[in-house]
Amino acid sequence: MEVVVLDDSAAVASLAADTIEDVVRRRAAANTAAVLGLATGSTPLATYEELSRRTRDDRGPSYAGVVTFNLDEYVGLPDGHEQSYLATIRREFTDAVGVPPERVHGPDPTEETLPSAGERYEAAIEQAGGIDVQILGIGSDGHLAFNEPGSSLASLTRIKTLTATTRRDNARFFGSPDAVPRHVLTQGLGTITRAGHLLLLATGEGKADAVAAAVEGPVSATCPASVLQLHRHVSVLLDEAAASRLVRLDYYREVYADKPDWQGI
Ligand code: PGA
């Protein structure tokens with residue numbers, strides 16, 4: 001795993017934006033569609049803002065041929081609810097950079113067809129050729145997407161029940177923990193680790209313990225984000241606060257400072 005410790009959240013957003021644009025440009029040069037895995041939550045917002053700003057300033061690539069897949073979706077929200085993750089990702093990112101709406105995907109939470117939603121989502125990702133780069137946040141309880149502690153490391157897209165911790169963390173979007181849906185559809189840890197490149201973003205002191213467990217703890221369903229250790233191409237982009245409980249901090253800094261140019265982003 002590549003662990004990159006940056007000065008602040010703006011630097012994390014800037015490097016994450018560089019990474020996304022690099023994939024979009026490389027795919028366009030090869031006349032193929034870049035497939036981006038997108039995460040909601042607060043952490044990636046600065047990255048989405050940075051990418052939107054570059055597009056507004058005419059410095060960004062074209063997103064006309066890009067396909068996106070969200071990590072997860074709430075179950076049980078009324079149609080068109082502003083906190084649905086599909087609505088959120090369009091509002092916060094894809095509309096601003098110009099990904100055509102029909103190319104923006106999320107797990108389908110329609111009540112009547114829920115039993116097949118996971119399988120259909122897996123098939124859609126596969127049909128698009130798989131995810132090139134997957135943006136990830138991390139929960140304060142170590143969850144990845146909505147794979148809560150105890151999730152199988154091999155899991156595929158399915159229904160999960162949120163923990164009280166996650167409902168409390170997400171209450172800010174709904175007014176109270178009780179208003180946060182209890183059920184979600186989420187890509188599994190097995191789904192996530194099929195992506196070509198995993199880009200975990202974490203900022204702030206509140207993530208420091210979860211980051212340390214994910215990066216330096218044992219691989220265990222108790223910390224679902226520790227599954228990253230099994231992947232061949234992971235970049236963990238952290239600000240100083242989120243990196244503060246890592247034991248091998250000095251080594252990560254040394255490795256990044258000496259990174260050969262030919263390795264790219
Ligand atoms: P956050 O959420 O980016 O809003 O902190 C991350 C997560 O819960 O996965």
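Counting starts at 1 for both ligands and their atoms, following the listed order.
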- Could you label the plane-to-plane angle of the Phe93 and Tyr48 rings as parallel, tilted or perpendicular, counting under 30° as parallel and over 60° as perpendicular? parallel
- Within a distance under 4.0 Å of any heavy atom of Arg172, pick out the atoms of ligand 1 and give their elements. 4 (O)
- Task: Might you confirm whether atom CD of Gln263 has over 12 heavy atoms from other residues, nucleotides or ligands at distances under 6.0 Å?
- Result: yes
- Message: Counting only heavy atoms closer than 4.0 Å, does ligand 1 sit against the backbone of Asn170, its side chain, both, or neither?
- Response: neither
- Message: If you take the centroid of each ring, where Trp contributes its six-membered ring, are Tyr74 and Phe173 closer together than 6.0 Å?
- Response: no
- Message: I'd like to check Arg245 versus Lys207 (side-chain heavy atoms, cut-off strictly below 4.5 Å). Are they in contact?
- Response: no
- Considering only protein heavy atoms, which is closest to atom 3 (O) of ligand 1, and at what distance to one decimal place? Thr43 OG1, 2.5 Å
- Task: Look at atom 5 (O) of ligand 1 and say which protein heavy atom is nearest, naming residue and atom and giving the distance to 0.1 Å.
- Result: Lys207 NZ, 2.5 Å
- Item | Distance-only polar pair, side chains of Thr113 and Ser116, donor-acceptor under 3.5 Å | no
- Task: Return a yes/no value for His143: is any of its N or O atoms, backbone included, closer than 3.5 angstrom to an N or O of ligand 1?
- Result: yes
- Residue and atom name of the nearest protein heavy atom (relative to atom 6 (C) of ligand 1), distance in Å to one decimal: Ile138 O, 3.5 Å
